[in-house]
Amino acid sequence: VSRSAFLLYILFLQLASAHHLLSDPGVGSEWKIVNTSYFMYFAVLASMIHGMTVPGAIEQAQRLKGYNKGLFEWLRKAPWGNPAFSSMFLSLIGFGFLGGISGVMMGAEQLNMLIHNTIYVPGHFHATVVIGTTLAFMGLTYFLVPVLFKREVLFPGFAKLQPYLFGLSMYVVALVMMGAGTLGVSRRHWDMAFAGAPMAYEWPGAAYLMMGLTGIFSCIAIVGGAGWILQIVFSLLFGKKLEEGELRSTPIPLTLPAPTTGSKVHPVLLRELEVPVLPVGSVVRPIFPAARPGNPKRGRASGPFFDRCA
């Protein structure tokens, strides 16, 4: 399933990026419609596949450890104090929901005409690049410092707090930037009020409030990001040298514990996997139509390649 998602990325993701050109008068309407109203949905399907399989894999791993009570014990007892895990999960939700949904909105031509070149666009970027990518790599460093560089991570208390300090602050920044963008606040201009302009525009109070919140929570996120830089640099330079095989401060165990009695894949996990599998099947199935009646190869795909595989 995940391999099919990467195939969809290769075929359709770059074409779907045409939503950046929806306001370009030099591009024909037919090209815009095909790329954003059809091809973009295949790229979104690939994101949905990974959005289901990654949490599904986490759920399966948790249930193999014995967290099978109810539907969400595996989630409640996930290692939220582990900065590698919390960074990954916060980036997954931010990228999938904030970044993904806002990207699909900008891919609709009608909505794009309202939010193009507004502060909504940087809000989308912060959800995809800052939360979805930067935070994920921050979490990766908490794993690599002790495992690859054999150094103990300093300030473990701050390490547990840092993903939430940086990630949740950027959640607020992305949301309020997108909210201000829906009111028409422009991007790429140092003064949203256009003070001194002959035809000034008075923004509603909500626009100023959201831009003020952008500044406040951006400062909080900067503190979290700067603290992460100092922590990693200090850990690499001054962290205790770990002996070969010593796993102190290793965020993620290198081996899975033995499955407990009765731990198995939960039925909910199987239903979650059906969500990405069924749409892919509906796309792939017409490629291999059933053979005509009387054909001895009916019921399987035919052709030189498939005949050799058979």
Side-chain angles (χ1 to χ4, degrees), residues 1-6 44-104 127-128 131-133 135-143 146-147 153 156-172 174-175 224 247-282:
V1 175
S2 295
R3 292 175 182 176
S4 64
F6 283 109
V44 173
L45 174 60
S47 297
M48 288 179 61
I49 291 174
H50 285 145
M52 294 293 179
T53 53
V54 173
I58 297 172
E59 178 184 356
Q60 183 179 13
Q62 285 290 92
R63 292 189 181 279
L64 288 174
K65 295 178 182 179
Y67 300 121
N68 293 313
K69 185 177 180 181
L71 293 178
F72 299 108
E73 186 189 24
W74 65 273
L75 186 60
R76 293 195 311 270
K77 296 188 177 180
W80 297 107
N82 182 337
F85 176 85
S86 58
S87 298
M88 179 278 300
F89 210 91
L90 288 174
S91 67
L92 175 69
I93 301 300
F95 187 89
F97 285 89
L98 288 183
I101 293 175
S102 58
V104 173
T128 55
I131 299 176
T133 305
L135 185 57
F137 280 102
M138 285 180 173
L140 181 62
T141 58
Y142 288 114
F143 177 76
V147 173
V153 176
F158 177 77
K160 294 180 180 180
L161 177 64
Q162 188 272 331
Y164 300 100
L165 183 65
F166 180 83
L168 296 180
S169 298
M170 292 311 305
Y171 268 79
V172 178
L175 283 171
L247 301 179
R248 184 183 299 126
S249 296
T250 301
I252 302 175
L254 298 182
T255 56
L256 282 174
T260 57
T261 304
S263 61
K264 55 185 179 181
V265 179
H266 197 272
V268 175
L269 175 62
L270 299 178
R271 290 197 295 271
E272 289 175 354
L273 294 178
E274 290 177 2
V275 176
V277 171
L278 290 179
V280 174
S282 64

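When reading the values below, keep in mind they use all heavy atoms of this one structure, side chains included, and skip hydrogens, waters and symmetry mates.
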Chi angles and distances behind the side-chain contact (heavy atoms from CB on, under 4.5 Å) call for F85, I58: CA-CA 10 Å; F85 176 85; I58 297 172; 3.9 Å; yes

Just how far is it from atom NE2 of H50 to atom CG of L92, taken to the nearest 0.5 Å? 11.0 Å

All heavy atoms of P146 vs all of V153, minimum pair found to be CD-CG2, 4.1 Å

Taken to the nearest 0.5 Å, the spacing of E59 CD from L71 CG works out to 8.5 Å

Rounded to the nearest 0.5 angstrom, the CZ-OG1 distance for F95 and T133 is 6.0 Å

For R63 against W74, the heavy-atom pair lying closest together: NH2-CD1, 3.4 Å

How long is the straight-line distance from CG of L161 back to CZ of F166, given to the nearest 0.5 Å? 13.5 Å

Does G81 offer a backbone N or O that forms a donor-acceptor pair with the side chain of S86 under 3.5 Å? no

A5 versus A46, closest heavy-atom pair with distance: O-CB, 3.4 Å

Hey, is the main chain of A84 close enough, under 3.5 Å, to the side chain of S87 for a donor-acceptor pair? no

N/O donor-acceptor pair under 3.5 Å between W80 side chain and K77 backbone: no

S91 to I131 - nearest heavy-atom pair and separation: CB-O, 3.1 Å

Would you say the side-chain atoms of Y171 pair up with the backbone N or O of L90, donor to acceptor, closer than 3.5 Å? yes

Closest heavy-atom pair and its distance - A127, L98: CB-CB, 3.7 Å

Using a 6.0 Å cut-off, check whether atom CZ of F89 has over 12 heavy atoms from anything other than its own residue. yes

Can you give me the closest heavy-atom contact between Q62 and A78, atom names plus distance? NE2-CA, 3.4 Å

Please report the interatomic distance CZ(F143) to CE(M88), rounded to the nearest 0.5 Å. 12.5 Å

Step by step, would you call K160 with Y142 a side-chain contact (heavy atoms from CB on, under 4.5 Å)? CA-CA 10 Å; K160 294 180 180 180; Y142 288 114; over 6 Å; no

